[in-house]
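Written out below as structure tokens is the structure these notes cover.
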Amino acid sequence: MTYPFISRKAVVTGSGSGLGRAIALGLLKAGHQVLVVDQREPSIAETLSLAQGMGCGERAFGFTIDLTVHDAAMLVMDAADRCLGGVEILVNNAGIGPDTLRKDYFGNPVHFDEISDDMVRLFFNVNGIAPLLLSMHATRRMRKGGWGRIINVTTSNDSMMRPHLIPYGGTKASLESHSAAMAQELEGSGITVNVVVPGGVADTGMVPDALGFDRASLIKPEVMLPPIFWFLTEGTSAPNNKRVLAATWTPQADANNDPAVRPIGWPGVGSKAIIPATRKH
């Protein structure tokens with residue numbers, strides 16, 4: 001079954017560059033309204049300029065904020081109310097990577113006991129707490145309309161548990177866990193929660209030149225768009241609680257049980273946990 005296109009109201013965090021910019025511009029090109037959220041005003045201006053050049057500048061709005069500040073999530077959603085008239089799509093893309101710890105983190109690995117307390121808190125605030133709070137505030141608005149799409153950008157499973165990527169991997173794992181739980185809580189509400197990852201090393205600012213990669217061989221940010229459009233499917237057939245590897249995803253992947261699509265998190269882990277019986281009265 002196909003559904004008519006509906007122009008939706010989208011908030012994309014970290015959309016001043018990289019994956020977020022590609023996602024924001026792709027949504028705009030598809031006909032949606034987008035609030036471009038980033039902490040760097042010049043980067044937002046560049047994204048808005050690109051939107052203008054694409055002929056969709058009238059549907060693009062910018063909001064500058066540091067997501068670690070108190071009430072940031074509320075302020076972002078208030079901006080969405082003012083600029084878009086609400087929020088129907090939330091893409092939690094903003095994040096900080098291991099390059100924040102050290103630019104040449106592959107060749108010169110960072111041991112977890114070298115990291116400062118403040119740096120650990122920063123990673124959790126940006127990669128874990130901010131997307132959870134944004135999802136909470138967005139869901140309250142989405143419930144009123146009975147429709148919503150929350151899309152979270154995490155990372156590859158091996159990165160979550162790879163040595164020398166602490167605290168990056170752990171904070172992305174927390175977002176993965178929250179995503180799985182939210183998807184189950186929202187089942188049947190008209191609001192879905194899904195996760196998308198590039199599926200490998202992407203050509204963004206999180207991959208500094210100091211790492212020595214051939215940038216031509218890196219995954220292009222635009223690969224995020226096809227699975228995101230799948231997540232935006234209208235009607236009851238919309239995917240929920242899915243985790244997609246964008247680089248290898250195809251429209252047939254879910255039906256074909258392709259490894260590019262799996263449930264969020266690690267279903268089955270802990271399934272044999274001992275649950276106490278309820279007390280009989």
Side-chain angles (χ1 to χ4, degrees), residues 9-25 27 33-48 60-84 86-101 115-142 148-155 160 165 167-179 182 193-198 202 204-206 221 224 228:
K9 303 161 185 175
V11 173
V12 184
T13 66
S15 44
S17 63
L19 300 180
R21 174 178 287 173
I23 294 167
L25 294 177
L27 290 172
Q33 301 177 67
V34 177
L35 182 67
V36 175
V37 179
D38 204 285
Q39 67 173 343
R40 303 156 298 176
E41 192 166 350
S43 299
I44 291 178
E46 189 173 346
T47 299
L48 296 181
F61 304 86
F63 185 64
T64 307
I65 193 167
D66 177 349
L67 292 177
T68 67
V69 303
H70 185 67
D71 288 340
M74 182 184 69
L75 294 171
V76 169
M77 291 303 148
D78 286 348
D81 290 341
R82 292 193 307 272
C83 298
L84 309 178
V87 58
E88 297 167 306
I89 300 167
L90 170 63
V91 182
N92 280 309
N93 165 77
I96 56 174
D99 62 301
T100 306
L101 300 172
I115 303 168
S116 71
D117 295 9
D118 287 343
M119 184 63 73
V120 170
R121 292 188 181 93
L122 177 63
F123 269 86
F124 272 95
N125 283 333
V126 177
N127 292 353
I129 294 173
L132 176 58
L133 291 175
L134 285 162
S135 298
M136 290 164 55
H137 283 266
T139 297
R140 292 166 189 161
R141 289 161 168 80
M142 292 170 178
R149 301 289 182 263
I150 297 173
I151 301 166
N152 293 328
V153 179
T154 64
T155 191
M160 293 181 189
L165 291 189
Y168 172 71
T171 54
K172 285 294 188 177
S174 74
L175 178 54
E176 186 104 358
S177 175
H178 293 154
S179 300
M182 288 189 292
V193 182
N194 294 286
V195 163
V196 60
V197 304
T204 72
M206 278 194 185
M224 305 290 277
I228 284 177

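This is a predicted model, so every value here is computed, not measured. In this chain, residues are counted from 1 in sequence order.
When every heavy atom of Arg149 is checked against every heavy atom of Met142, the shortest pair comes out as O-CE, 3.8 Å. Closest non-hydrogen pair, Leu35 versus Cys83, comes out as CD1-SG, 4.2 Å. Pairing each heavy atom of Leu19 with each of Pro198, the nearest pair is CD1-CG, 3.9 Å. Nearest heavy atoms, Val12 versus Gly20: CG1-O, 3.8 Å. Contact record, Val11 with Ala80: CG2-CB, 3.8 Å, taken as the closest heavy-atom pair. Contact record, Leu101 with Pro167: CD1-CD, 4.0 Å, taken as the closest heavy-atom pair.
Residue Thr13 holds its OG1 atom at 6.0 Å from CG of Leu67, rounded to the nearest 0.5 Å. Interatomic distance, CD1 of Ile96 versus CZ of Phe123, reported as 4.0 Å (0.5 Å rounding). With values rounded to the nearest 0.5 angstrom, Leu25 atom CG is found 7.0 Å from Arg21 atom CZ. Rounding to the nearest 0.5 angstrom, the gap separating the CG atom in Leu134 from the CG atom in Asn92 is 5.5 Å. To the nearest 0.5 Å, atom CG of residue Leu175 and atom CE of residue Met182 are 6.5 Å apart. Atoms CG and CG, from Asn152 and Leu90 in turn, are 7.0 Å apart once rounded to the nearest 0.5 Å.
Although no hydrogens or angles enter the test, the distance criterion places a donor-acceptor pair under 3.5 Å between the side chain of Thr47 and the main chain of Ser15. Checked by atom type and distance alone, the side chain of Asn93 pairs as donor or acceptor with a backbone atom of Gly14 at under 3.5 Å. No donor-acceptor pair under 3.5 Å is formed between the side chain of Ser177 and the backbone N or O of Ala173.
For Arg140, the salt bridge (Lys or Arg N to Asp or Glu O under 4.0 Å) test picks out no residue, with sequence neighbours left out. Taking Asn194 as the reference, nothing meets the side-chain hydrogen bond (donor to acceptor under 3.5 Å, both in side chains) condition, with sequence neighbours excluded.
Thr171 pairs with exactly one of Leu122, Asn127, Thr154 by the side chain to side chain contact (heavy atoms under 4.5 Å, CB included) rule, that one being Asn127. Evaluated for a side chain to side chain contact (heavy atoms under 4.5 Å, CB included) with Met224, the options Ile151, Val196, Val91 yield exactly one hit, Val196.
Between His178 and Pro131, every side-chain heavy-atom pair lies at or beyond the 4.5 Å cut-off. Annotation: side chain of Ile129 is not in contact with side chain of Ser174 (no heavy-atom distance under 4.5 Å).
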List the steps and the verdict of side-chain contact (heavy atoms from CB on, under 4.5 Å) for Val197 and Lys172.
-> CA-CA 11 Å; Val197 304; Lys172 285 294 188 177; over 6 Å; no
Where do Thr68 and Asp66 land on the side chain to side chain donor-acceptor pair (under 3.5 Å) test, with the steps shown first?
-> CA-CA 5 Å; Thr68 67; Asp66 177 349; 2.8 Å; yes
With side-chain contact (heavy atoms from CB on, under 4.5 Å) as the test, would you mind laying out the steps for Val69 and Asp71 before giving the verdict?
-> CA-CA 6 Å; Val69 303; Asp71 288 340; over 6 Å; no
Evaluation steps, side-chain contact (heavy atoms from CB on, under 4.5 Å), between Leu75 and Phe63 = CA-CA 9 Å; Leu75 294 171; Phe63 185 64; 4.3 Å; yes
